[in-house]
2 protein chains.
Amino acid sequence: MANELQDPRHSSAGAWAKRLYFASRAVMESVLRPYDIGSTQWYVLYQLTNDGPTMQRDLGRMLQVERATLSGIVSALVRKGLVEQTPDPADQRQRMLRITASGLKLWDELPDLALIEALAFDGVDAAELATVVKVLQAATQRLNNHLSKEIVDGDPLQP
Amino acid sequence: MANELQDPRHSSAGAWAKRLYFASRAVMESVLRPYDIGSTQWYVLYQLTNDGPTMQRDLGRMLQVERATLSGIVSALVRKGLVEQTPDPADQRQRMLRITASGLKLWDELPDLALIEALAFDGVDAAELATVVKVLQAATQRLNNHLSKEIVDGDPLQP
DNA sequence: GACAAATCGTTCGGTACCTAGCAATATTCG
DNA sequence: CGAATATTGCTAGGTACCGAACGATTTGTC
């Protein structure tokens, strides 16, 4: 992101969004390290445990992650024997993901990561939190809009 | 981050922080793609152009990036011939980074990335923006504190 | 002066993210 | 029906991040 410019940048909301993201990931990964899984792998296990077998395609949408990315994450879990990946009989293009017995066993040992979110925003005023969500959401949308327009119009940042 | 849980998570401030970070990076990278450099590589060029030759050690602190990470970024820039890395005569452990003529030439062609930050938060109320920074900063700090304590106390999330 | 400790950069292995392009399979439409 | 199109997942190659371990060098201390 290169957001640590002296000027407006190192104290900007964007820079803090990045820092929070990395701090949050660092906590999750330090908690998960002993179990040898990463933060997104954790979510896949969460999903498969709580909602049962899921199509890889649908999981990608829930996670908002590209197919290529999820492909790597799933293959890591399959390699570790925690998840089973089988072709869907109805549509051979799709893959069905299912947690294995070994995956379920690991899941039961895992600490509750939801506490991290609680820890981060503990005691913050609800109205302020709502403002944060509103502003970040709006900013994200503006950037994403810009991104789509760019494809059509060329690069508006370079007049 | 695995922050897209149905429950409180996919609408939480933490999840939006992640989304904003990635949206912001996506915009930067789409702008920089034609020039074949990444967002952090851009910052290194920015620094070397504006503040002159810099120690790799100091650059790491400015960017708040681990030595291992910066090492890779610098070697990518050196490979592309944009940056020159030489040992500091005074302290042979340290490396001095300097932009090359070719790097300077590229820099002059690059669009102004500062506009991205402006675009994202355009028209947002200043007071709200201040709240966002305050909350994100506090949350980051809580997580980082937790991280340091964890090393001493073991894992407080797992009672 | 010599040995221990700290610092700096690199390499290695891992996670998570992306685009681009490919192969296999489904679907749509003439 | 059969050809064009869309969807799904994969690989390859790139960026950006981390921790751990290693070598080289400097600093601190006895």
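These numbers were taken from a predicted model, which means no experiment stands behind them. Per chain, numbering begins at 1; letters A, B, ... match sequence-line order.
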* To do: Mind calculating the distance between CZ (B/Phe22) and P (C/dT15) to the nearest angstrom?
  => 16 Å
* Structure fact -> Contacts of A/Met55 and A/Glu29 projected onto DNA chain D by closest heavy atom; the upstream (5') one is A/Met55
* Asked: Taking the side chain of B/Gln94 as its heavy atoms from C-beta onward, which of C/dG9, D/dC18, C/dC18 lies nearest to it?
  -> C/dG9
* Mind calculating the distance between CD (A/Gln41) and C1' (C/dT15) to the nearest angstrom? => 7 Å
* Has B/Gln56 got a side-chain N or O lying under 4.0 Å from the OP1 or OP2 atom of C/dT10? -> yes
* Do B/Val78 and B/Leu63 share a hydrophobic cluster, counting only Ile, Leu, Val, Met, Phe, Trp and Tyr and linking them when any side-chain heavy atoms are less than 4.5 Å apart? -> yes
* Could you give the CG-to-C1' distance, from A/Leu32 to C/dA16, as a whole number of Å? -> 14 Å
* Asked: What nucleic acid atoms does A/Val74 come within less than 4.0 Å of, heavy atoms only: base, sugar-phosphate, or nothing?
  -> nothing
* Would you mind telling me which of C/dA16, D/dG19, D/dG9 lies closest to the side-chain atoms of A/Arg67? => D/dG9
* Asked: Between C/dC18 atom P and A/Leu143 atom CG, what is the distance in whole Å?
  -> 15 Å
* Structure fact -> Checking C/dG9, C/dC17, D/dA12 against the side chain of A/Ala68 (C-beta onward), the nearest is D/dA12
* Could you walk me through whether A/Val83 and A/Arg98 pass the side-chain contact (heavy atoms from CB on, under 4.5 Å) check? -> CA-CA 6 Å; A/Val83 164; A/Arg98 189 192 316 268; over 6 Å; no
* To do: Write down the distance between CG (A/Leu97) and C1' (D/dC10), rounded to a whole number of angstrom.
  => 14 Å
* Asked: Same cluster for A/Met96 and A/Leu82 if Ile/Leu/Val/Met/Phe/Trp/Tyr side chains link at under 4.5 Å?
  -> no
* To do: Using atom CZ of B/Arg25 as one end and atom C1' of C/dC18 as the other, report the distance to the nearest whole Å.
  => 8 Å
* Would you mind telling me which of D/dC17, C/dT19, D/dT8 lies closest to the side-chain atoms of B/Val65? => D/dC17
* Asked: So does B/Ser71 get a side-chain nitrogen or oxygen closer than 4.0 Å to the phosphate oxygens (OP1/OP2) of C/dG9?
  -> no
* Structure fact -> Per atom distances to the A/Ile73 side chain, the nearest of D/dA12, C/dG9, C/dA16 is C/dA16
* Quickly work out the B/Arg19 CZ to C/dA16 C1' distance and round it to whole Å. => 16 Å
* Run the salt-bridge test on A/Arg33 and A/Glu29 with the 4.0 Å N-O cut-off and return the result as yes or no. => no
* With DNA chain D as reference, determine whether B/Ile37 or B/Asp88 sits nearer its 5' end, using the nearest nucleotide of each. => B/Ile37
* To do: Could you please name the option among C/dG9, D/dC10, D/dC18 that lies closest to any side-chain atom of A/Gln85?
  => D/dC10
* Does a side-chain N or O from B/Thr40 land closer than 4.0 Å to OP1 or OP2 of D/dT15, or not? -> no
* To do: Output yes when at least one side-chain N/O atom of B/Lys80 is less than 4.0 Å from OP1 or OP2 of D/dG14, else no.
  => no
* D/dC17 phosphate, OP1 or OP2, under 4.0 Å from B/Thr69 side-chain N/O -> no
* NZ of A/Lys80 to CG of A/Asp36: how many Å apart, nearest 0.5 Å? -> 5.5 Å
* Structure fact -> Separation of D/dT15 atom P from B/Arg33 atom CZ, nearest Å, is 11 Å
* Asked: Are any of B/Lys18's side-chain N or O atoms less than 4.0 Å away from OP1 or OP2 of C/dA16?
  -> no
* To do: Consider only side-chain N and O atoms of A/Gln56 and A/Gln85, and report whether a donor and an acceptor are under 3.5 Å apart.
  => yes
* Quiz item: A/Arg93 side-chain donor-acceptor pair to D/dT7 base, under 3.5 Å -> yes
